[in-house]
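Read the structure below first, then the notes.
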Amino acid sequence: MSDEKNVNSADSADKPAEQVPAPKPAASSQGAAGSGEQVSAALSRAEQKAAKAKAKVDAKLEKARAKEAQLRAKADAKNAAREQKSLEAEQESAAKAEAKAQKKNASPAPAKPGAAPAPAVEPATAGSAKTGQSDQGSKAEAEEKSGPSGNSQPNATTAAAGAPEAKPEAKDQPAQAAQQNSAVAHPAHKSTDPAAPAVPAAAHEPKAAHKAEPELAATPEKQKPAESSKDAAADSPTAKAAEDAGTAAASPSTEAASKEPAPIAKEPENAKAAKRRRKLEKIRAAEAAKEGQAQQAQATDAGIASESSAGSVNARRKKLDKARAAASKDAATASTRKKTGAVLLSLAAVLAASAAVGAGSVVAPKAAEKTLPAAVTNLPAGDASSVCAPTPKLLKGVDGTDPQFAAGGKEISSNLRSIAVSDLAKRIPGSSFAKLDGTSERPLTERIAEAQALEARGSDDDGQTGRTSKVSTVNGVDDTQVYSLQPLGGLASEGSALRSYQAKDGDLAGLATGTCQAPASTWRFTGLQTSTGSTSVMNLANPTHTTAQVSLRLRGPEGLIDTPTLQSIVLAPGESRALVLGGYAQDMDSVSAEVTSLGGKITASVQQAALRGLTPSGVDLVAANASASNTQVIPGVWIDEKSNSDALSKDDGTLVPQLHVSATGSSGAGYKVKVLGKDGEVAASFDDNLAVSSNATDVQSLKQLAGGYYTIVVESDAPVTAAVRMVRGSDPKDSSDTAWAASSNVLAGTQAMPLSANGTGKFALAAVDSDSTVEATVVGKNGKLNKVKKLAINAGSSIVFDPKTVADDAQAVIFSTDANTYIGQLTLGSERSIAWAAMPQANAGRDGIVVNIGG
């Protein structure tokens, strides 16, 4: 049955008085005055898409039908096998019964008419009755599987089974016709369309009549059961038809058995023929039952397909008509300038309808999942902690790690200086020094009660707004110390600490300063030396409550240095460790180190010292570098007068200022050097193609620069780190000093930095890419804040700020920047001492954790 026939039947059933016209492009062109051709083209394309969608739906329906037909064929094969087995069993039982009857009737005396047929006919009648019951049972089972919509075709083949051989057997036709009527009496299907059941029945009648014998198809016995079956199918009284079929099936067989038993008994040769005819009838009845079941399933599928196809086609036509109407209306009412927009809107409507046609139904869109951004929950700030490096000490009995230290001289001055800045209510936060494990605490300022410290106040009790500070200097503390600063109002307070060291005699004669650093997971150092007479000791400290697993990577002039024993150093909470780098990288003029911690955050610092024979050649606390990047800025580089530098390096060419660059990647790096002074970039001659090998270090001399303060900028095509070694001295026979200026980060926000308690400290400030403005507030000895001094720095220049020009008793400076300034503190002592310290980063205002909401 074609889909076109189903469409026509469905349309006539749903709308008997209404004819649905076929869609024509001309109808849409009449509605669109100015853009008829465009709308017509759009509608034609939509119709083509609808046709394609319909073809896809039909193809899917055909596939479903083919699959169902395969399933039905499998079920029919199983049923046929079961029926065949039952028929064979019945045939065997009938043959046994007939054999027994023949043995009993095998006497020489002739049989009397009417008396002998009973034993012979009785088994056959019983077998036929059983066969009828089996056929009815198999038909009932097939009807249950196919559903109430099955439709059975009259079996004409069974009625014509033995007609040419014996006319008495023709009287069995009413029984078979009654059985067929009982099968047809079931309702065709529960469809609301009254025309649907008649189509399959009419379609299958010629096929059944073609299989029947010619002479039997024309007899009145054949025509009457067919008519009665059609009437029964139209009226659909299932119970009554079944009862009539049972009665009709029982009475003719009884009459046939009672009226003509004599020929079977008198003529034994006809018994075998009758037996063969009965077997043949049973086989044909089984085949006819299977064919009837297949026809019922086809009729059911055809009815369902006609209903679904008709309903879907009607829905598609309605949607397409609505789309055409909307397109015509938009095209007709749109203005001349908005014709294009109207056509696009109409086309969108048509495409939407086509999409609905292709899908077969309108599917509700899936609700969009709401994704909320991850919120950062701010936690109240805790105490700001920073670790101060221990006082430089002379190594004694060095054997790799855990060295023994001894005093480097008799005249040594080592101290810690700190500053704590108040809030606007002039409340100074609590501060203290303590050992790494938290013991031996030294209070510097009184701690405010926690409840009061959490209050954010903008003025004091009298309503006055102002700021003050407290500068503390502690002497005689040589081991590692932790500086703690209390937060106020839930925010970290401003303040930091600095260690300074000065020795006038001994092997460690010289000046050294080091900023107390906050714990971090990664530390980098550049320019360490392990050559003859030089000693580099790395100090690691774990101030947290979590165990840290530390690993070190060392790079030298030739690349990475193999250090397997430095890959799993465990630091317990409150534990420190000293590592002599010369035990792993021997006799190298330039070494860079990268320290990484897993678990607890740590701090790292390097004590560097050198001897020229028996003459001290400097001591320093080497500061850590900024993160590896393509731009490294080193503020606060000091170059001695050329005459002093020439005299000091006359016998030793290494006693000159040097730039050390380290590549942190496997591809190496090409770089160039810029020197910034107070008036901008300073002319300097460096090779055009400076390069550093993979994971290696490189050294460039800065002896060509005139004496003064500078900022060195290294620009590279790959991430690098950089540092400058400064030298101070004039006579090779006397001691000299060295200091390392490391690449720095910009200062973002406000932070205070104390001046060194030894020597005279000055600050170098640099702006690289753009102009910068810095507010500098000098703090006196009594903690009083002086008037703010504004410092303007032009892009590409570097200036020097001396706090003594503001206050003779300057102890610290508070800097506020616009996140574009690099700051470093350079300290000069006697004629032969120099030191450098990095500007500490601003304390974090709040610690935050990411909280997922609705995720």
Side-chain angles (χ1 to χ4, degrees), residues 392-395 398 406-413 501-513 526-537 557 581-582 586-591 606-622 636-660 675 684-685 697-710 712 723-741 758-760 826-836:
K393 294 182 180 180
L394 186 66
L395 299 180
V398 177
K410 296 181 179 179
E411 297 183 14
I412 297 175
S413 173
Y501 163 88
Q502 187 173 19
K504 295 182 180 180
D505 62 349
D507 291 345
L508 298 181
L511 179 67
T513 58
T526 305
L528 309 180
Q529 293 180 326
T530 61
S531 56
T532 303
S534 299
T535 305
S536 295
V537 180
L581 300 182
Q586 298 178 359
D587 197 17
M588 294 185 181
D589 292 332
S590 180
V591 177
V606 175
Q607 172 191 323
Q608 180 88 20
L611 289 172
R612 289 182 283 111
L614 299 176
T615 304
S617 188
V619 63
D620 193 27
L621 295 174
V622 181
V637 174
W638 182 85
I639 304 296
D640 202 353
E641 295 179 3
K642 189 172 180 59
S643 59
N644 294 336
S645 179
D646 291 342
L648 185 63
S649 61
K650 182 178 180 180
D651 296 333
D652 189 351
T654 62
L655 297 177
V656 295
Q658 295 174 339
L659 170 65
H660 293 245
V675 181
S685 59
T697 58
D698 186 52
V699 180
Q700 297 294 325
S701 174
L702 300 178
K703 185 179 178 180
Q704 59 177 308
L705 299 178
Y709 293 86
Y710 300 97
I712 304 298
V724 172
R725 190 187 74 163
M726 301 173 287
V727 181
R728 192 180 187 195
S730 59
D731 190 352
K733 297 180 181 180
D734 294 334
S735 63
S736 60
D737 198 8
T738 59
W740 291 90
N758 299 292
T760 302
L826 181 70
T827 304
L828 299 176
S830 64
E831 324 182 310
R832 301 188 300 272
S833 60
I834 185 174
W836 187 93

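Nothing fancy with the numbering, it's 1 onward along the sequence.
Proximity of L826 to M726: side-chain heavy atoms (C-beta onward) are separated by under 4.5 Å at one or more points. Between V699 and D589, the closest side-chain pair of non-hydrogen atoms is not below 4.5 Å. K733 places none of its side-chain heavy atoms less than 4.5 Å from the side chain of T615. With contacts defined as side-chain heavy-atom distances shorter than 4.5 Å, the pair P557/T697 qualifies. Using a 4.5 Å heavy-atom threshold, the side chains of N758 and T827 count as separate. Using a 4.5 Å heavy-atom threshold, the side chains of V591 and L581 count as separate. With contacts defined as side-chain heavy-atom distances shorter than 4.5 Å, the pair K703/S649 qualifies. Residues S736 and L648 are in side-chain contact: their nearest non-hydrogen atoms beyond the backbone lie under 4.5 Å apart.
Considering all non-hydrogen atoms of both residues, T513 and A835 come closest at OG1-CB, 3.6 Å. When all heavy atoms are compared, the tightest approach of S645 to P657 is OG-CD, 4.3 Å. Nearest approach of A609 to L508, heavy atoms of both residues: CB-CD2, 3.5 Å. The two residues S730 and P732 come nearest to each other via the heavy atoms O-CD, 3.9 Å. Here the closest heavy-atom approach between residue S735 and residue R832 is recorded as O-CD, 2.7 Å. The shortest non-hydrogen separation linking G506 to P616 is O-CG, 3.3 Å.
With values rounded to the nearest 0.5 angstrom, K393 atom NZ is found 16.0 Å from D507 atom CG. To the nearest 0.5 Å, the span separating CG on D734 from OG on S617 amounts to 12.0 Å.
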Practice prompt. List the steps, then state whether side chain to side chain contact (heavy atoms under 4.5 Å, CB included) holds for Y501 with V619.
Written response: CA-CA 9 Å; Y501 163 88; V619 63; 3.9 Å; yes

Practice problem: For I712 and V675, run side chain to side chain contact (heavy atoms under 4.5 Å, CB included): C-alpha distance rounded to whole Å, both residues' side-chain angles, the deciding distance at 0.1 Å, then the answer. | Solution: CA-CA 5 Å; I712 304 298; V675 181; 3.7 Å; yes

Quiz prompt | Criterion side chain to side chain contact (heavy atoms under 4.5 Å, CB included) on L655 and R612, from CA distance to verdict | solution = CA-CA 10 Å; L655 297 177; R612 289 182 283 111; 3.4 Å; yes

Evaluate L702 against Q700 for side chain to side chain contact (heavy atoms under 4.5 Å, CB included), listing each step before the verdict. CA-CA 7 Å; L702 300 178; Q700 297 294 325; 5.5 Å; no

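When the options L828, I834, V727, D620 are evaluated for a side chain to side chain contact (heavy atoms under 4.5 Å, CB included) with D737, the one that passes is I834.
Judged purely by atom type and a 3.5 angstrom limit, S536 has no side-chain atom pairing as donor or acceptor with the backbone of Q608. Judged by distance alone, with hydrogens and angles left aside, the side-chain atoms of R728 form a donor-acceptor pair with the main-chain N or O of S833 at under 3.5 Å.
Heavy atoms from other residues, nucleotides or ligands lying under 6.0 Å from CD of Q704 number more than 12.
Judged purely by distance below 3.5 Å, without hydrogens or angles, the side chains of T738 and R725 never pair a donor atom with an acceptor atom.
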